[in-house]
Amino acid sequence: MEPPPRGRLERWFTLSARGTDARTEVLAGVTTFLTMAYIVLVNPAILGTAGMPVASVAAATCFAAAFASIMMGFVANTPLALAPGMGLNAYFSFTVVQQMGVPWPVALGCVFVSGVAFLFLTVTGVRQLIVASIPQYLFAAVAGGIGLFIGFIGFKDAGIIVANPATFVALGDLKAPGAALALFGLVLIGALSVWNVRGAMLIGILATTAVAWLFGMVTMTPEPYSLEALTGTAFKLDLAGVFGLSGSHGLGLLEILFVFLFVDLFDNIGTLVAVTKRAGLMDSAGRIPRLNRILITDATATIVGSMAGTSTVTSYVESAAGVQAGGRTGLTAVVTGLLFLATMFVAPYAQLIPLAATAPALIIVGGLMLLPLTEVKWEDPLAAIPAFLTVAMIPFTFSIANGLAFGITAHAALKIVRGTVERKDWFLLVLALLFVARFVWMGGA
């Protein structure tokens, strides 16, 4: 007879049942936070170009990430951290506000409405239908594609891979301080990992940061900041503008709502599949436990984030770093959220940790996430072609949603060509048609 669970943490998060403990979960939460803390600096910089007060967005970013991650931990008990999504924040700022001329309060209103729509789709079971309609081998392809995506981001942040006008990408200057620092971190984390040192990712990030400071590679230019800054964006969303009651932006607002819905929906599904699969949380049938709670949390986070004053909140692929560090329960997400909450008081100081220090962790995690690709039947064209398109298009287009779109559309098209479409595939065909319509209507948005 097993002894009864001990402690509130054990009872709430079922730590022993998932083969983990509080210390491991805390280390994993800190690791996840360090790999995604860049958003505290990057999101305000991007939304600031839309005319939003930078200090206010910094506070809103920390608050939204804290709320969402803590809620994910307690409600869904999943090691998935959330924050304002990259890509969607750029679309919000550069396309919606600057190109389309939509005032940022109206754009925030669009984020709010899209969050309500997410919640409706979740409660009515539509989002769950979407997850259920995706063939299992595409889940493995998404995990592998996100692994390449994470690794590519790590190489880019490190300066190991750089842009090249002739070949798109090229090898950077490995003697440059940032690249050399990242290579040091890569060797250190790799060595600690093969020696099975607990907390290898976290130790590596902190040690690399210390080296950066030692050699004067970190500079700080913090802006004046206080928690009162949050009032500059909190509850400034303009819902009247969204519904055309205070100015008109024509059908453009419908396009904005569709993009916010579409990209967040499939980015979230892709990240969710990859992280839960890597953590071993999927059941034998490939189902994700507590899926409804996870999706409700995601939708609620977007609604709350818009009210705080930031763009769409979504699940972060960097959560995989925490999973690799041993995170298996919602306690990992709660720790990450608490660190974001603490960062609200010192948001400008997040730049203490350079990108070159977190890049090695992303590179190693990316490589380890390729394991699920062994589950794809590469000898079968019906699986191999959509799987390859999914794996390739995620890093090549810098979009999880685009990778899923190509994979699902190719899978549906090949089933039609081979004549193996069944009645149960109706929702898959609907998804494929929506993807085609989306690409025709909006191109590569």
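Because only heavy atoms are used, hydrogens play no part in the values below, and waters and symmetry mates are left out as well, while side chains stay in.
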**Student:** Would you mind reporting whether Leu138 and Pro386 have side-chain heavy atoms less than 4.5 Å apart?
**Tutor:**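 Touching, per the 4.5 Å side-chain cut-off.
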**Student:** Between Ser56 (side chain only) and Met52 (backbone N and O only), is there a donor and an acceptor less than 3.5 Å apart?
**Tutor:**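 Side chain of Ser56 to backbone of Met52, a donor-acceptor pair under 3.5 Å: no, none is there.
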**Student:** If you define the side chain from C-beta out and look only at heavy atoms, does anything of Asn43 sit under 4.5 Å from Ser311?
**Tutor:**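 Answer yes - side chains close enough.
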**Student:** Give a yes or no on this: more than 12 heavy atoms of other residues, nucleotides or ligands lie within 6.0 Å of atom CZ of Phe396.
**Tutor:**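 No, not enclosed.
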**Student:** I'd like to know if the side chain of Thr24 and the backbone of Thr20 have a donor-acceptor N/O pair within less than 3.5 Å.
**Tutor:**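 Not confirmed, Thr24 side chain does not pair with Thr20 backbone.
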**Student:** With side-chain contact (heavy atoms from CB on, under 4.5 Å) as the criterion, how do Phe435 and Phe406 come out once you've worked through the C-alpha distance, each side chain's angles and the decisive distance to 0.1 Å?
**Tutor:** CA-CA 8 Å; Phe435 281 128; Phe406 270 81; over 6 Å; no
**Student:** Between Ile39 and Tyr316, is there a side-chain heavy-atom distance shorter than 4.5 Å?
**Tutor:**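 When only atoms from C-beta onward are counted, Ile39 and Tyr316 do touch, with a gap below 4.5 Å.
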**Student:** Please find the pair of heavy atoms, one from Leu34 and one from Ile205, that lie closest to each other, and give the distance.
**Tutor:**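 Distance-wise, the nearest heavy atoms are CD1-CG2, 3.8 Å.
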**Student:** Kindly compute the distance separating NZ (Lys424) from OG (Ser133), expressed to the nearest 0.5 Å.
**Tutor:**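 Atom-to-atom, Lys424:NZ and Ser133:OG are 12.0 Å apart.
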**Student:** Could you measure the distance from the NZ atom of Lys156 to the CD1 atom of Ile153? Nearest 0.5 Å is fine.
**Tutor:**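 Lys156 atom NZ to Ile153 atom CD1 measures 7.0 Å (nearest 0.5 Å).
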**Student:** So, Thr122 and Asn292: side-chain donor and acceptor under 3.5 Å apart, yes or no?
**Tutor:**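 No, Asn292 and Thr122 have no side-chain donor paired with an acceptor closer than 3.5 Å.
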**Student:** Under the side-chain contact (heavy atoms from CB on, under 4.5 Å) criterion, do Val96 and Trp104 qualify, and how do the steps go?
**Tutor:** CA-CA 8 Å; Val96 176; Trp104 65 260; over 6 Å; no
**Student:** Given 3.5 Å as the limit, does a donor-acceptor pair link the side chain of Ser69 with the main chain of Leu82, or not?
**Tutor:**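 Present.
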**Student:** Flag the pair Ile296 / Val75 as yes when at least one side-chain heavy-atom distance between them is below 4.5 Å, and no otherwise.
**Tutor:**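 Counting from C-beta outward, Ile296 and Val75 never come under 4.5 Å.
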**Student:** Rounded to the nearest 0.5 Å, what separates atom CE in Met36 from atom OG1 in Thr336?
**Tutor:**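 Answer rounded to 0.5 Å: 7.0 Å.
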**Student:** Write down the atom of Val111, the atom of Thr310, and the distance for their closest heavy-atom approach.
**Tutor:**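 Of all heavy-atom pairs spanning Val111 and Thr310, the closest is CG1-O, 4.3 Å.
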**Student:** Please name the pair of heavy atoms, one in Gly327 and one in Glu25, separated by the smallest distance, quoted to 0.1 Å.
**Tutor:**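 So the two residues come closest at CA-OE2, 3.5 Å.
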**Student:** For residues Gly178 and Ala356, report the shortest heavy-atom separation together with the two atoms involved.
**Tutor:**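 Closest approach of Gly178 to Ala356: O-CB, 3.5 Å.
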**Student:** Where the side chain of Ser93 meets the backbone of Ile46, is there a donor-acceptor pair that is under 3.5 Å apart?
**Tutor:**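 Here the side-chain-to-backbone pair exists.
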**Student:** So, the side chain of Asn164 versus the backbone of Thr167: is there a donor-acceptor pair under 3.5 Å, distance only?
**Tutor:**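 Looks like yes, one N/O pair under 3.5 Å.
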**Student:** Assign the ring pair Phe13 / Phe74 to parallel, tilted or perpendicular, where the plane angle (0 to 90°) is split at 30° and 60°.
**Tutor:**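 Because their plane-to-plane angle lies in the 30° to 60° range, the rings of Phe13 and Phe74 count as tilted.
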**Student:** Got a second to check how far Phe112's CZ is from Leu108's CG, nearest 0.5 Å?
**Tutor:**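 Nearest 0.5 Å value for the CZ-CG distance: 11.5 Å.
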**Student:** So do the side chains of Leu15 and Thr329 get within less than 4.5 Å of each other, counting heavy atoms only?
**Tutor:**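 Side chain of Leu15 against side chain of Thr329, heavy atoms only: contact under 4.5 Å found.
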**Student:** Report yes if some heavy atom in the side chain of Ile303 is under 4.5 Å from a heavy atom in the side chain of Thr300; otherwise report no.
**Tutor:**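 Counting from C-beta outward, Ile303 and Thr300 never come under 4.5 Å.
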**Student:** Please check: side-chain N/O of Trp378 versus main-chain N/O of Phe388, any donor-acceptor pairing under 3.5 Å?
**Tutor:**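 Between the backbone of Phe388 and the side chain of Trp378 there is no qualifying donor-acceptor contact (under 3.5 Å).
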**Student:** Applying side-chain contact (heavy atoms from CB on, under 4.5 Å), run through Leu404 and Ile134 and close with a yes or a no.
**Tutor:** CA-CA 9 Å; Leu404 266 173; Ile134 299 175; 4.2 Å; yes
**Student:** About how many Å separate NZ of Lys377 and CG of Leu382, when rounded to the nearest 0.5 Å?
**Tutor:**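 Leu382 CG to Lys377 NZ: 10.5 Å, rounded to 0.5 Å.
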**Student:** Please check if the side chain of Arg328 supplies one atom and the backbone of Pro79 the other of a donor-acceptor pair under 3.5 Å.
**Tutor:**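 Such a contact is absent between Arg328 side chain and Pro79 backbone.
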**Student:** Distance only, no hydrogens: is a donor on one side chain within 3.5 Å (strictly under) of an acceptor on the other, for Thr32 and Ser319?
**Tutor:**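 No, no side-chain donor-acceptor contact under 3.5 Å.
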**Student:** Kindly say whether Ala207 contributes a backbone atom to a donor-acceptor pair with the side chain of Thr209 at under 3.5 angstrom?
**Tutor:**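 Absent.
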**Student:** Say you draw a straight line from CZ of Phe118 to CG of Asp298; how long is it, rounded to the nearest 0.5 Å?
**Tutor:**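 Answer for the CZ-CG pair, Phe118 versus Asp298, is 7.0 Å.
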**Student:** Is there a side-chain contact between Cys62 and Thr343 in this structure, where contact means two heavy atoms from C-beta onward sitting under 4.5 Å apart?
**Tutor:**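 Touching, per the 4.5 Å side-chain cut-off.
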**Student:** Taking atom CZ of Arg18 as the centre, report whether more than 12 heavy atoms of other residues, nucleotides or ligands fall under 6.0 Å from it.
**Tutor:**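 Yes, enclosed.
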**Student:** Please find the pair of heavy atoms, one from Ala359 and one from Asp157, that lie closest to each other, and give the distance.
**Tutor:**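 Smallest heavy-atom distance, with atoms named: CB-CB, 4.0 Å.
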**Student:** Can you tell me if Phe120 has over 12 outside heavy atoms packed within less than 6.0 Å of its CZ?
**Tutor:**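 It does not: Phe120 CZ has 12 such atoms or fewer within range.
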**Student:** Would you say that Phe427 contacts Val126 through its side chain, given a criterion of any heavy-atom pair below 4.5 Å between the two side chains?
**Tutor:**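 Of all side-chain heavy-atom pairs linking Val126 with Phe427, at least one is under 4.5 Å.
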**Student:** Are Phe340 and Phe67 close enough that their ring centres sit under 6.0 Å apart?
**Tutor:**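 No, ring centres 6.0 Å or more apart.
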**Student:** side-chain contact (heavy atoms from CB on, under 4.5 Å) between Ile150 and Glu318: does it pass, once the steps are laid out?
**Tutor:** CA-CA 7 Å; Ile150 291 176; Glu318 285 84 354; over 6 Å; no
**Student:** Minimum heavy-atom separation for Ala200 to Ile189, with atom names?
**Tutor:**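 Ala200 and Ile189 have their closest heavy atoms at O-CG1, 4.0 Å.
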**Student:** Please walk me through it: do Thr302 and Thr312 pass side-chain hydrogen bond (donor to acceptor under 3.5 Å, both in side chains)?
**Tutor:** CA-CA 5 Å; Thr302 290; Thr312 305; 5.3 Å; no
